[in-house]
Amino acid sequence: MRIDLHCHTTASDGVLSPEALVRRAAERDVELLAVTDHDTLNGIFEARAAARILNVRLLAGVEISTIWRGKEIHVVGIAVDEHDKGLLGTLAEQQDRRLARSMAIAKRLECLGFEGAWAGAVKRAENAVPGRAHIAKFLVDSGSVRSAQGAFDHLLTAGRPAYVPADWMSLTTAVECITRAGGRAVLAHPERYGLGCQQLQSLISEFAEIGGWGLENSAAREPKLSRCIDLPNKTSGLVRTWGSDFHSPMASIELGVDVKDPVGLEADLLRLG
Ligand code: AMP
Ligand code: MN
Ligand code: MN
Ligand code: MN
């Protein structure tokens with residue numbers, strides 16, 4: 001079956017509106033979809049309306065940025081109650097942090113000579129809170145860098161001149177507020193944190209201990225890491241989930257992941273959809 005439990009819309013740094021994203025999911029025969037924008041549930045209302053019309057099973061989701069041992073770790077929350085006051089309050093605080101950080105990044109860029117960085121990011125974010133992806137887009141559009149990846153590599157990543165660290169919430173806070181809102185907490189794209197096998201295993205076991213439910217299946221892209229987390233005894237009982245992290249139809253990653261054997265998922269999540 002084809003599912004997707006991790007993707008983005010214009011409510012954060014995705015390119016498609018929630019409605020257009022759900023339409024794309026329907027066209028591509030995605031049977032179960034979770035919309036998981038960065039630190040916001042703002043896209044869910046529109047996505048729900050589209051999902052009803054287009055007959056797509058939709059779960060409300062969110063991708064929360066957290067800090068664990070000084071590293072930025074992303075937690076996807078699936079099947080949360082989008083009206084939960086606790087979760088909405090925690091996400092509002094996080095969006096304040098995002099706004100402050102993006103403003104600080106833009107200020108640095110302006111000092112470095114990239115004029116209009118803040119106004120440019122705000123414009124590209126439209127109704128979303130600006131993040132580094134919108135700042136990168138401004139840098140591409142204004143001809144300062146050739147690609148968004150170039151903007152990250154030269155300016156926006158840790159160690160680069162316009163990098164500002166973020167004081168995201170802790171891993172525990174994210175797992176707790178997702179779980180209290182009735183959702184399942186999933187460790188997103190474990191291969192992308194630059195962790196070695198041992199550190200990754202500490203993260204996985206701690207994530208399970210604090211109430212994490214799932215582990216996103218994207219390790220296949222990184223054979224070295226799949227060796228250390230593909231065995232069931234190395235994943236502390238976490239359920240394997242699948243998500244593309246789709247942001248844009250122009251990028252190489254497409255919406256929808258074909259899953260042969262959704263063990264655990266079928267028994268649990270599919271019931272919620
Ligand atoms: P932020 O949440 O403001 O830290 O921005 C991070 C977002 O930028 C990610 O969710 C990606 O969508 C996007 N991005 C694109 N390229 C990179 C990269 N090389 N490193 C980090 N984020 C990237
Ligand atoms: Mn993103
Ligand atoms: Mn992420
Ligand atoms: Mn994502």
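Each ligand, and each atom within it, is numbered from 1 in the order the structure gives. The analysis underlying the following values was restricted to heavy atoms, covering all of them including side chains, and did not include hydrogens, waters or symmetry mates.
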* If you look at His38, which of its N/O/S atoms is nearest to the Mn ion (ligand 2)? -> NE2
* Relative to the heavy atoms of Gly131, which atoms of ligand 1 are at a distance of less than 4.0 Å? -> 3 (O)
* To do: Kindly give the atom name of the N, O or S atom of Glu63 closest to the Mn ion (ligand 3).
  => OE2
* Any N/O/S atom of Asp245 sitting less than 2.8 Å from the Mn ion (ligand 3), backbone or side chain? -> no
* Determine the minimum heavy-atom distance between Glu216 and Pro190, stating which atoms define it. => O-CD, 3.5 Å
* Structure fact -> From the list Arg97, Arg101, Arg98, salt bridge (charged side-chain N to carboxylate O under 4.0 Å, His left out) partner of Asp39 resolves to Arg98
* Does any N, O or S atom of Asp13, backbone or side chain, fall under 2.8 Å from the Mn ion (ligand 2)? -> yes
* With a cut-off of 2.8 Å, does His74 place any N/O/S atom under that distance from the Mn ion (ligand 3)? -> yes
* How far is atom 9 (C) of ligand 1 from its nearest protein heavy atom, and which residue and atom name does that atom have? -> Asp13 OD2, 3.9 Å
* List the closest protein heavy-atom neighbour of atom 5 (O) of ligand 1: residue, atom name, distance to the nearest 0.1 Å. => Arg132 CB, 3.5 Å
* Asked: Is the closest side-chain donor-acceptor distance between Trp118 and Glu110 under 3.5 Å?
  -> no
* ring pair (Phe, Tyr, Trp, His ring centres under 6.0 Å) partner of His38, chosen from His6, His134, His8 -> His8
* Structure fact -> Partner of Lys137 under side chain to side chain contact (heavy atoms under 4.5 Å, CB included), picked from Asp141, Leu139, Ile135, Val140, is Asp141
* To do: Check ligand 1 against Arg98 and write out every atom of the ligand that is under 4.0 Å from a heavy-atom position of the residue.
  => 1 (P), 2 (O), 3 (O)
* To do: Distance to 0.1 Å, residue and atom name: give those for the protein heavy atom nearest to atom 19 (N) of ligand 1.
  => Gln149 NE2, 3.1 Å
* **Nearest-contact summary for atom 20 (N) of ligand 1 - protein heavy atom, Å** => Phe152 CD2, 3.5 Å
* Would you please test Arg24 and Glu254 for salt bridge (Lys or Arg N to Asp or Glu O under 4.0 Å) and show each step? => CA-CA 10 Å; Arg24 193 176 189 89; Glu254 212 5 295; 2.7 Å; yes
* Asked: Any non-hydrogen atom of Thr157 lying under 4.0 Å from ligand 1?
  -> no
* Above 12 or not: heavy atoms from other molecules or residues under 6.0 Å from CG of Asn127? -> no
* Structure fact -> Numbered in order shown, the ligand 1 atoms found under 4.0 Å of a heavy atom of Arg101 are 1 (P), 3 (O), 4 (O)
